[in-house]
Amino acid sequence: MYIFILHLEIIFMSVSKKIYILGISAFYHDSSATLIQDGKIIAAVQEERFTRIKFDSSYPINSINYCLNVANIKIEDVNEVVYFEKNHLKFDRILKTYFKYLPKSLFQFSKAINLWLNEKLYIDKELANHLKWKQNVKSFTHHESHAASAFYPSPYEDAAILTLDGVGEWTCTSIAYGKKNKIKILQEINYPDSLGMIYSAFTEFSGFKVNEDEYKLMGLAPYGEPIYKDMIKDKLIKIFDDGSYKLNLKYFGFHYGRTTINKNFESLFGCKRKNNEEIRVLDQNMAASIQEVLNEIFIKLAMTAKKITGSKNLVIAGGVGLNCVANGKIVEKKIFENIWVQAASGDAGCSLGCALLAYYQKNERQVGVTNQKSSFLGPEFSDVEIQNILDNYSINYINFKNDDILLDTITKYLEAGKIIGLFQGRMEFGPRALGARSIIGDPRSVDMQKNMNLKIKYRESFRPFAPAILEEYVADYFTNFEKSPFMSFIFKLKPDKRLSHNSKEISLIERLNHKRSIFPAVTHVDYSARIQSVSKEENPLFYRIINNFYKKTNCPMIINTSFNVMGEPIVCKPIDALRCFFSNDMDILILNNFLITKENQKIESIGKINELEEFLK
Ligand SMILES: [Fe+2]
């Protein structure tokens, strides 16, 4: 009897033992940590949100601590620690590339050798030391991690997988196939042939920051004409029928120097724009041209992926996968029945991918277990915590005990043209605010785009805003609708919803001020919009705000932009939100059920928050 009970206990323990895996992406760009338990995502967060340094690449100590705290475990309770790429392969690529391009690469070569031999080659050990981790730190390749981040959380039993970025170890683009718990890489395009690098070259040429501002170039493209498309295809990149491509390195500098382009590039197109100079027609046309080239490659790669996998589903990850215009083109061509794009498509998402890879190497996969849902995987704050902060700083607020009254109040403020900072629930994982850390406004206002850009976000006035729209109404307004909970696709406004003739003869600013639809703030000059479709089931908090606005106004969408100002990461904690709120012209702040206005606040309270900002700088 005793032995029988002991057996039962052992069986029970083995059944109930939880498997925790910690994934880490760090030391290059956009550090992050993810914790999964038995294949479920417990927490995932980018380090920049805690340190307030955009794209922070440091060891993600705050992210790791947060993940462990959410699960209420210590590092000793973790079964595996996984790193998102293979260091020695990356070193191999850097060494061989710089060696090949000596003497031009001499400066970069010696700098890299120094950095790698003294630091980067021993990242596994550094991680283990930081974590006090006694076992080996497992690793997968960079693109395996991207592919896993795209496939395992997707709602599909099987899928073709596209990964596209600047570079991992050697791979820059891959086509893979995922089925059940297995992922097989089928085709790869290696460095220096990189879509990320060519897109960054155009980003640099147009005066934006490489590795950071690529999305600005994407936003600029609709203002231009793709008049350089043929020249790009003729001189810079040869595109083959299957979507593979080859760069002509004669025009680039990234493989030997500190800049992505060289003098030959400038001889071809003109001088690059300096950051403080006005955006030129040339920049607009260059942006439009490289976007067209990217669209063509995306479509061809997707067709090849369809052909070699036979799957009706496609999943996408990698930094270039954030190009929602090119993603939208794949939808438009109806190459696949379903498409899902990882919300954290850049390198931050690799911490999620590598953790899932480690888990699914040993475990069967059931669709839905690894459910990313709305990507709300970061910190949240209780009403008590928020109230304590507000009281500590003597901030006046209204605490709405009744949700309906709060919703009606938000609607009234939106209708009155007010701009609202919205902070509720768990923070988003990935670069886009999806309703938890968002700034919202009425999309029907003509001046809203310009005002929000210049007065709230302190960013370029040409940049469009995205509509967050109730999922059931997207097809009424936009063509080629695909579910888009993470703002992964651009769709065009239906012709009958358009208002004015979109003349390309007038200047950028004049075109910006044209009323293009009854939702001008979220309709780009080419009538496109970067849609966030919001469903009741997956994003209930945000849904009820938009739905309440819809009931009162008959407009099923609102503006949704990230809660930050230019150059800063999205806000994470209530104090970040308060600092941001008091530092710009935002009208209203909602922290959970607390409403804060700028009226009736004591100057000392705002001063204290601003002092804290100075201190943090
Ligand atoms: Fe990447």
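Whatever order the structure lists them in is the order used to number ligands and atoms, beginning at 1.
Few gaps surround NZ on K229; more than 12 heavy atoms of other groups in view lie less than 6.0 Å from it.
Annotation: side chain to side chain contact (heavy atoms under 4.5 Å, CB included) contacts of K40 (sequence neighbours excluded): V369. A search for side chain to side chain contact (heavy atoms under 4.5 Å, CB included) contacts involving L377 returns I41, A44, Q372, S375, F429, not counting sequence neighbours.
In this pair, W116 and F91 present their aromatic rings parallel. The plane angle is below 30°, not in the 30 to 60° band.
Excluding water, every protein N/O/S atom under 2.8 Å from the Fe ion (ligand 1) is given here by residue and atom: H142 NE2, H146 NE2, D165 OD2, D347 OD1.
Across S174, S149, S345, a single residue satisfies side-chain hydrogen bond (donor to acceptor under 3.5 Å, both in side chains) together with T163, and that is S174.
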Can you list, pair by pair, the side-chain donor-acceptor contacts under 3.5 Å of residues 53-63, counting residues two or more places apart and other chains?
residue, atom, partner, partner atom, Å
D56, OD1, S58, N, 3.0
D56, OD1, S58, OG, 3.0
D56, OD2, T51, OG1, 2.7
D56, OD2, S58, OG, 3.2
N62, ND2, E47, OE2, 2.6
S63, OG, E47, N, 3.3
S63, OG, E47, OE1, 2.6

